[in-house]
Amino acid sequence: MQIMNKSFYDKKTVTSGSVTKVTEGSVRGQIFDAKGIALVSNKTLQTINFTRSPAMTAEQMRGIALKLVNIIQEPVETDTLTTRDKKDFFLADPKNLSGVRERLKKSDYVDPKTSEKLPEGEIYAKYVDKVSDDEILYDTETERAATCYKRMNGTSNFTTNIITSGEFTAEQLAKIAENERNLKGLAIGNTWNREYSDSTLNSILGTVTSEKNGIPAEKLDDYLKKGYSRNDRVGTSYIEKGYEDVLHGINAVKEISIDKNGEIANEQTLVQGERGKNLKLTIDSKFQQGVQDILKNNFIKLQNEGYGTYSAGAYVVVMNPSTGAIYALSGIVHDVKTGEITDNALGTIKNVYTPGSVVKMGTLTAGWENHVLVGNQVLNDQPIEIQGSAPKQSWFTNGQTTSITAVQSLEYSSNPYMIQTALAILGQPYQKGMGIYTSKLEESFNKIRKSYAEYGLGASTGIDIPDESEGFNGVDETAANYLDESFGQYDNYTPLQLAQYAATLANDGKRVSSHIVEGIYESNDDGSLGALHKTIEPKTLNTVEISQENMSLLQQGMYQVTHGGGMATGLNVMENASVSINAKTGTSETYVSDGNGGLVYTSVNNVVAYAPSENPQIAISVMVPDTIIRDDGVTTHANQYITRDIVNLYHAIYGFK
């Protein structure tokens, strides 16, 4: 039989059947800013590791745990030690196990239905039940030993697990080395903990699991297929999660053979381990901090002037319009009750607000794409009187009618121009006192939103940070909301989406995916940046479907917003600006609670901009929600001053080509 079926019986023998593969984790890559300053690094810690052999018994592991806690004084976490863990430790002592066995009757070992002997697992569960609470009233040192035992017992054969970590003394390390025979399986090693610098970007850097928690249960199968170990630390959010495959590195894989006595007979490396690669961001910490300071200082001034009492914070995104590289993600959260201000870069990709008139370049685009506008078309800026609704009119006409071009509709921020464009898309050109038929509302909403999405509004920006918000499209598609949509008072977008919108306008209609990682680098032995492995190349997502002549009209309109006559809405952007800036301002009016049952009239004050006007090199979005509008209609221009200050800061640090 052994001759005829040799391969089958070889698998049944002790020697050939005792071959296993063991995976050893790698050191995680680090994250650096654009200038090579470490934002996320690894702090090395000494560890006492345990490698389990298949011949090791529970009694041996219990004895090792008791000896270990007598040598080291560092505390071993015991907060996860359960009653069951304590009972397992108690039963690992053969004397205790023998005593508990005597508490069982013969019938306890038999299945009453089949009269067959119960499986060992079910019998052991009965042993556990017979251990009394008084028997596991451990002192601190015994609890530490029980914790060590739990970690040893939870280690798979041939796998190495960390029992405890800390800063051990030379004497302690020497004792462990001297007692190698009595502390079988223990060895001194190293591990790492993630360290995050004091950066305003911390909220988007993400987090990793601990070695104790390992891979989240819902992702376990996926990671195991990639060659991970169960206790590998993995990224759980944002950059750490988005670049997990790069940062993690390659686990070492060894094949271990044991003899019939359970001892290691041979060890062979199948896969050489490799450190995780490093990431270098597109963001320079110096510029990021400067933008954060500008944002915070202007917001504090806003509070002092009485405009920001109910504002939840403010946000800025700065990016390269031609490559999509992010230069700054800055945000602050304002606690309206306590007045406390905290950093919140994450809000730039997660929080959504109504954009206001900054969307009007998108509305004109929808007009051209749906063939209801032609070039720099002239329309009457007039009060819009829809049956059953209050008139909607421009702030600058006092109810009068005046003829304006598409460029002027941006310069003066004309709502009636946009409403008439939206009505034409609906197939119902404006007439005074008209009613609106709703049969084509959904279709027309989709047409306008399609044009907006070509700029990134209401669409993924393609940023390499997981879980960005794609904005919020309203679901109550009424005629009133449709008209409000045309001038930015309905759907909601993130600061990042507004920045990509500005970048697409600056880039002649070519929308490029946003990215925060500049490149992937090798990791030197000390963890520092090594050679460049891969550059993150720009990726074109789409091109806006209008002619370059019409795109030039949008750019001209944005120039007029900041350089036009006295009715231009963004003149404060250019006050003391070091270069020419194109922009579009926007406000979105609403009411917020004053905390005492009343309502306060506020607006979201926004800007989308790029600079210089010719040869744009940066695109900017600014969002300042819920600023107070005074009774005389005056509100803050902080959004415009923030835009100007950021352009000046970039110019001062880097210059413009």
Side-chain angles (χ1 to χ4, degrees), residues 354-452 473-492 550 553 557 567 569 584-591 599 601 603-604 629 631-633:
T354 47
S357 294
V358 297
V359 304
K360 287 176 178 174
M361 288 79 75
T363 306
L364 294 181
T365 298
W368 290 320
E369 289 184 338
N370 290 282
H371 312 294
V372 300
L373 291 178
V374 178
N376 198 20
Q377 185 168 334
V378 174
L379 293 178
N380 285 331
D381 187 296
Q382 58 189 318
I384 303 298
E385 299 180 26
I386 304 296
Q387 186 178 25
S389 301
K392 294 178 183 289
Q393 64 187 45
S394 288
W395 61 275
F396 58 89
T397 59
N398 293 318
Q400 303 301 309
T401 298
T402 185
S403 297
I404 60 172
T405 65
V407 168
Q408 289 172 321
S409 76
L410 299 179
E411 179 181 356
Y412 308 145
S413 200
S414 169
N415 288 351
Y417 196 105
M418 305 304 151
I419 292 172
Q420 290 175 86
T421 300
L423 287 170
I425 292 172
L426 189 62
Q428 300 177 49
Y430 174 67
Q431 294 181 7
K432 185 176 180 179
M434 68 183 290
I436 296 178
Y437 298 100
T438 59
S439 60
K440 293 186 178 180
L441 267 181
E442 182 180 357
E443 177 185 346
S444 300
F445 256 114
N446 290 339
K447 287 178 179 179
I448 290 180
R449 284 169 174 164
K450 174 183 177 295
S451 296
Y452 287 177
N473 288 344
V475 295
D476 189 12
E477 295 180 345
T478 64
N481 287 338
Y482 175 69
L483 299 185
D484 286 346
E485 175 80 345
S486 71
F487 52 93
Q489 299 271 7
Y490 188 51
D491 289 346
N492 288 206
N550 285 340
L553 291 174
M567 289 188 297
T569 55
K584 181 68 188 81
T585 61
T587 56
S588 176
E589 291 78 18
T590 188
Y591 288 91
L599 295 175
Y601 187 35
S603 70
V604 181
I629 301 175
D631 292 341
D632 58 4

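Values below: every heavy atom of this structure, side chains too, minus hydrogens, waters and symmetry copies.
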Distance from [X] atom [atom1] to [Y] atom [atom2], nearest 0.5 Å?
X	Y	atom1	atom2	answer
Asn370	Ser444	CG	OG	8.0 Å
Ser414	Gln382	OG	CD	9.5 Å
Tyr490	Asn481	OH	CG	4.0 Å
Phe396	Thr402	CZ	OG1	7.0 Å
Lys584	Lys360	NZ	NZ	5.0 Å
Met418	Gln489	CE	CD	13.0 Å

Do the side-chain N and O atoms of [X] and [Y] include a donor-acceptor pair separated by under 3.5 angstrom?
X	Y	answer
Asn380	Ser403	yes
Ser413	Ser357	yes
Ser603	Glu589	no
Tyr452	Thr365	no

Task: Given Ile404, Thr363, Leu364, the one that forms side chain to side chain contact (heavy atoms under 4.5 Å, CB included) with Leu410 - done: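 Only match with Leu410 under side chain to side chain contact (heavy atoms under 4.5 Å, CB included): Leu364.
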Open item on the list: I need the single residue from Ile448, Ile436, Thr438 that forms a side chain to side chain contact (heavy atoms under 4.5 Å, CB included) with Leu426. Which is it?
Closed with: Ile436
Indicate yes or no for a side-chain donor-acceptor contact from [X] to the backbone of [Y] under 3.5 Å, with no hydrogens or angles considered.
X	Y	value
Asn376	Ala406	yes
Asp491	Gly474	yes
Tyr482	Ala422	yes

Task: Heavy atoms from other residues, nucleotides or ligands near CD of Glu442 exceed 12 (cutoff 6.0 Å) - done: no
- [ ] Check the surroundings of atom NZ in Lys440: do more than 12 heavy atoms from other residues, nucleotides or ligands lie under 6.0 Å from it?
- [x] no
Task: Arg449 with Glu485: basic N within carboxylate O range, under 4.0 Å - done: yes
Task: Nearest atoms (heavy-atom pairs only) where Gly375 meets Leu553 - done: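 Nearest pair, atom of Gly375 first, then Leu553: C-CD1, 3.6 Å.
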